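Notes follow once the structure below has been shown.
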Amino acid sequence: YVQCCSWKDKKQVCFLNSNEIGYSDGTTVRRHRRGKRMRELINAPNTAVEYALYYSAVDKNDRDSADFSTSIRTNRYYIRIFCWSLDRVVHAEYVIVCFCYKMGIGKEEWKKYLDKNDGRHDFQIDLGIALLNYAIENECAKNPGLLREAFVDAVKSVAKATGV
């Protein structure tokens, strides 16, 4: 089920939620009112309370998509959709890896991904290298000349781009 809820706080707020569904009986929040010294309790939907608890996760996700995007500029909408989906999958995987390490499930080498400054960057680089190594190992076993061809193509494109 999905519930749509509209609520007037400081401005009109709309929520679309699949977690907190149903009548919001007895849910309150504290808000300042004009002319009142103390904050008053006002009725609020369950979704507003849940959003207030987890809104930093939404901000982190938005910031992550801005900082670590795999998107490319193109007029083909399906490529943009694919890149956006890839960004979200990589972010979800990063969150899962960090959670597993914190719970003692993950590998010891995952500790570096918890670093506030470079953890996410290191994760994306390590994931890319691991995916490339997996592809090279599996495809080169089937076609040994593939790696040589790919390397020659890469050298040619770099030489063309640099004008050498």
Side-chain angles (χ1 to χ4, degrees), residues 1-5 9 13-22 24 27 29-30 44-162 164:
Y1 296 103
V2 176
Q3 181 177 8
C4 181
C5 175
D9 192 5
V13 180
C14 295
F15 296 104
L16 186 63
N17 195 349
S18 61
N19 193 23
E20 291 288 334
I21 297 175
S24 300
T27 305
V29 293
R30 292 184 175 272
N46 291 338
T47 346
V49 176
E50 182 184 12
Y51 176 78
L53 287 174
Y54 301 112
Y55 77 94
S56 67
V58 174
D59 293 340
K60 288 177 185 175
N61 189 9
D62 291 343
R63 185 65 197 191
D64 180 80
S65 65
D67 289 343
F68 302 106
S69 178
T70 58
S71 297
I72 57 173
R73 291 186 127 190
T74 180
N75 290 334
R76 296 186 178 121
Y77 71 93
Y78 52 88
I79 294 176
R80 290 193 310 245
I81 292 171
F82 172 77
C83 289
W84 178 84
S85 301
L86 181 63
D87 288 342
R88 299 304 91 222
V89 167
V90 170
H91 177 73
E93 188 173 352
Y94 170 70
V95 170
I96 291 169
V97 165
C98 290
F99 176 78
C100 287
Y101 180 78
K102 288 178 185 175
M103 293 296 148
I105 301 170
K107 298 177 182 177
E108 190 61 35
E109 64 192 42
W110 291 355
K111 183 178 182 179
K112 67 181 178 180
Y113 302 140
L114 298 178
D115 182 22
K116 183 178 178 180
N117 297 319
D118 294 327
R120 175 66 169 84
H121 176 263
D122 292 346
F123 174 79
Q124 191 159 337
I125 296 296
D126 290 348
L127 178 64
I129 291 171
L131 289 172
L132 286 172
N133 287 337
Y134 178 81
I136 289 170
E137 289 170 5
N138 289 329
E139 286 302 315
C140 289
K142 295 176 190 173
N143 185 358
L146 186 66
L147 181 61
R148 183 175 41 81
E149 292 171 18
F151 179 73
V152 170
D153 290 342
V155 169
K156 286 179 182 177
S157 64
V158 168
K160 183 178 177 183
T162 59
V164 176

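As the structure is a prediction and not an experimental result, all values here were calculated from the model.
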Please tell me if the side chains of N17 and V2 come closer than 4.5 Å, counting only heavy atoms from C-beta onward.
no
Gap separating the CG atom of D115 from the CZ atom of R120, nearest 0.5 angstrom:
13.5 Å
Which of Y94, F99, F123 passes ring pair (Phe, Tyr, Trp, His ring centres under 6.0 Å) with Y113? It is F123
Approximate separation, where rounding is to 0.5 Å, of L132 CG and L127 CG:
9.5 Å
Atom pair OG/CZ of S85 and R80 - distance to nearest 0.5 Å
12.5 Å
If you round to the nearest 0.5 Å, how far is CG of N46 from CD of Q3?
8.0 Å
Donor-acceptor contacts under 3.5 Å from residues 103-110 side chains, at least two apart:
from, atom 1, to, atom 2, distance (Å)
E108, OE2, Y101, OH, 3.2

Which atom pair, heavy atoms only, marks the closest approach of L114 to K102?
CD2-CE, 3.8 Å
One should read off an interatomic distance between I79 CD1 and R73 CZ, to the nearest 0.5 angstrom, of 14.5 Å
Listed by chain and number, what are the side chain to side chain contact (heavy atoms under 4.5 Å, CB included) partners of Y134, not counting sequence neighbours?
N138
Decide, yes or no, whether a salt bridge links D126 with K112 under the criterion of side-chain N to carboxylate O below 4.0 Å.
yes
Test side chain to side chain contact (heavy atoms under 4.5 Å, CB included) applied to R88 - qualifying residues, sequence neighbours left out:
N61, D64, S65, W84, H91
